[in-house]
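Computation of the quantities below employed the complete heavy-atom set of this structure, encompassing side-chain atoms and omitting hydrogens, waters and symmetry-equivalent molecules.
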Amino acid sequence: MTTTAIPPEAKPAPATTPRRRPRREREGAAWVFLSPWVLGATVLTLLPMAVSLYLSFTDYDLFNPPKWVGLRNYVQMFTEDPRYWRSVVTTVTYVVIAVPLQLALALAVALALKGMKRGKGFYRSAFYAPSLLGASMSIALVWRAVFNDGGTVDNLFGTGGWVNKPGFALLAVALLTVWQFGAPMVIFLAGLQQIPAELYEAAAVDGASKWRQFLSVTVPMLSPVLFFNLVLQTIQAFQVFTPAFAVSAGKGGPADSTLVYTMYLYDRGFVASHMGYASAMAWVLLVVIGIVTAVLFRTSRSWVFYASEGDR
């Protein structure tokens, strides 16, 4: 029996693992792809924030170099400016009125759309449209005409022009925000579609009414989505500007009843040219929004329910 030797060049080459690129090279590629975002965040967000923080400790009128005054803007804001505190009260009142009404209407419409068999896509688009249009100045001006003397509301109810009554002007502004319920409605609808039908069937077998099913099944299962909408809409409500500016013709009237925080900030910064004071107001607003958001997250532990404790 003879054996044939395999020439060396005919032997199969041993398998080789692909060489892994050095870590520094991989990080370099990642930074190349991240550079547009990093550049935008630095130039358009972080740098302006740093400049604004510096200006909040200065006396700056947009035309002359800033003059360092320390904490004078903050002291004046809290102790010497009654209009500042009126803007705070007006903004908090607006948030308390607008956010719950908007979320309640969004949830009600989402529940109605969930049960629809035909035309759901059309109605979903129709209800979402105000969220795209409501923030524009043109819609806000139309809203002012609707609630003005001789407008639609006056003709229907005979209550006179809401925008000229201190007790109703802010409500007119809040209703414009409530009308823009499309975005939270779409989010609610997506959350409702994720609730298993078996839960409702089990509740029905136990004899639970529709209202009991809503309280015991829908609300707990939808609580993470409700919390998400609550945080988003609260942050946006604290920054309201266009509706109040348009409805009050840029004056915050009548009797400062629509003088929300951002409108007074605009007045101090761009009308009175006290940009240092306006920067201090902006940083106080940022801190307040951060505190309110932290409180919402802290209290959510007692009413927001997730699929498992590990998802918290």
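- Considering CE of Met275 and CG of Asp59, their distance stands at 12.0 Å, rounded to 0.5 Å.
- You'll find the side chain of Leu55 reaches within 4.5 Å of the side chain of Pro66, heavy atoms only.
- Side-chain contact between Phe188 and Leu111: absent, with no pair of heavy atoms (C-beta onward) separated by less than 4.5 Å.
- Following chains of ILVMFWY side-chain contacts shorter than 4.5 Å, one cannot reach Phe78 starting from Val89, and the two form parts of different hydrophobic clusters.
- Judged by distance alone, the side chain of Asp81 and the main-chain N or O of Arg83 form a donor-acceptor pair under 3.5 Å.
- Side-chain contact check for Thr58 versus Lys67: every heavy-atom pair is 4.5 Å or farther apart.
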Exercise. Run the numbers on Val99 and Gln102 for side-chain contact (heavy atoms from CB on, under 4.5 Å), then give the verdict.
Key: CA-CA 5 Å; Val99 174; Gln102 185 188 49; 5.6 Å; no
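- Salt bridge present: Arg86 and Asp256 bring a charged side-chain N and a carboxylate O closer than 4.0 Å.
- The side-chain heavy atoms of Ile289 and Gln239, taken from C-beta on, include a pair separated by under 4.5 Å.
- The nearest pair of heavy atoms linking Val173 to Pro243 is CG1-CB, 3.9 Å.
- Across all their heavy atoms, Ala237 and Val95 have their closest contact at CB-CG2, 3.8 Å.
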Quiz prompt | Full working for side-chain contact (heavy atoms from CB on, under 4.5 Å) between Phe241 and Tyr266 | solution = CA-CA 9 Å; Phe241 175 79; Tyr266 171 84; 3.8 Å; yes
Quiz item: Taking it one step at a time, do Trp31 and Val38 satisfy side-chain contact (heavy atoms from CB on, under 4.5 Å)?
Solution: CA-CA 9 Å; Trp31 279 110; Val38 173; 3.9 Å; yes
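- Under a hydrophobic-cluster definition in which Ile, Leu, Val, Met, Phe, Trp and Tyr are linked whenever side-chain heavy atoms come within less than 4.5 Å, directly or via other members, Phe181 and Phe122 are assigned to the same cluster.
- Put simply, OH on Tyr128 and CD on Gln180 are 11.0 Å apart, with the number rounded to the nearest 0.5 Å.
- Counting only distance, with no hydrogens or angles, the side chain of Asn73 and the backbone of Ala280 share no donor-acceptor pair below 3.5 Å.
- Here the closest non-hydrogen pair linking Leu189 and Arg124 is CD2-CD, 3.7 Å.
- Classification of Lys251 and Asp267 as a salt-bridged pair fails, no side-chain N sitting under 4.0 Å from a carboxylate O.
- Inspection of the Thr218 and Tyr200 side chains reveals an N or O donor paired with an N or O acceptor under 3.5 Å.
- Side-chain contact between Gln233 and Pro184 is present, with heavy atoms from C-beta onward closer than 4.5 Å.
- Side-chain atoms of Met263 and Val260, non-hydrogen and from C-beta on, do get closer than 4.5 Å to each other.
- There is a path of hydrophobic side-chain contacts, each under 4.5 Å, that joins Phe63 to Val51.
- Between Ser257 and Pro254, the shortest heavy-atom distance links the atoms OG-O, 2.7 Å.
- Counting all heavy atoms, side chain and backbone alike, Ala246 lies closest to Arg144 at O-CD, 3.4 Å.
- Using cut-offs of 30° and 60° for the angle between ring planes, the Tyr84 and Tyr261 rings count as perpendicular.
- To the nearest 0.5 Å, the span separating CD1 on Ile187 from CG on Leu226 amounts to 11.0 Å.
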Quiz item: Can Thr177 and Gln236 be said to form a side-chain contact (heavy atoms from CB on, under 4.5 Å), step by step?
Solution: CA-CA 10 Å; Thr177 299; Gln236 293 180 7; over 6 Å; no
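- One distance of note links CG of Leu296 with CD1 of Ile235; it measures 8.5 Å at 0.5 Å rounding.
- Taking 4.5 Å as the limit, some side-chain heavy atom of Trp179 sits within range of a side-chain heavy atom of Leu176.
- A distance of 10.5 Å separates CG of Leu107 from NZ of Lys114, quoted to the nearest 0.5 Å.
- Between the side chain of Trp143 and the backbone N or O of Ala172 there is at least one donor-acceptor pair closer than 3.5 Å.
- Listed here is the closest heavy atom pair of Thr42 and Pro48: O-CD, 4.1 Å.
- For the residue pair Thr258 / Tyr94, no side-chain donor-acceptor distance below 3.5 Å is found, with atom types taken as modelled.
- Note: the hydrophobic cluster containing Tyr54 does not contain Leu46 (ILVMFWY, side chain heavy atoms under 4.5 Å, direct or indirect links).
- Met77 and Val69 fall into different hydrophobic clusters, where Ile, Leu, Val, Met, Phe, Trp and Tyr are joined by side-chain heavy atoms under 4.5 Å apart, directly or via other members.
- A donor-acceptor pair under 3.5 Å is absent between the side-chain atoms of Ser273 and the main chain of Phe270, judged by distance alone.
- Between Glu201 and Val205, the closest side-chain pair of non-hydrogen atoms is not below 4.5 Å.
- The distance from atom CG of Leu222 to atom CG of Leu192, rounded to the nearest 0.5 Å, is 5.0 Å.
- Outside the 6.0 Å centre-distance limit, the rings of Phe147 and Phe168 are not counted as a close aromatic pair.
- Note on ring orientation: taking the six-membered ring where Trp is involved, the planes of Tyr74 and Phe57 are tilted (angle from 30° to 60°).
- Side-chain contact, Ser223 with Trp303: no donor N or O sits under 3.5 Å from an acceptor N or O.
- Heavy-atom contacts from other residues, nucleotides or ligands closer than 6.0 Å to CZ of Arg212 number 12 or fewer.
- Donor-acceptor pairing under 3.5 Å is lacking for the side chains of Tyr277 and Tyr60.
- Remark: the backbone N or O of Phe297 is paired with a side-chain donor or acceptor of Ser300 at under 3.5 angstrom.
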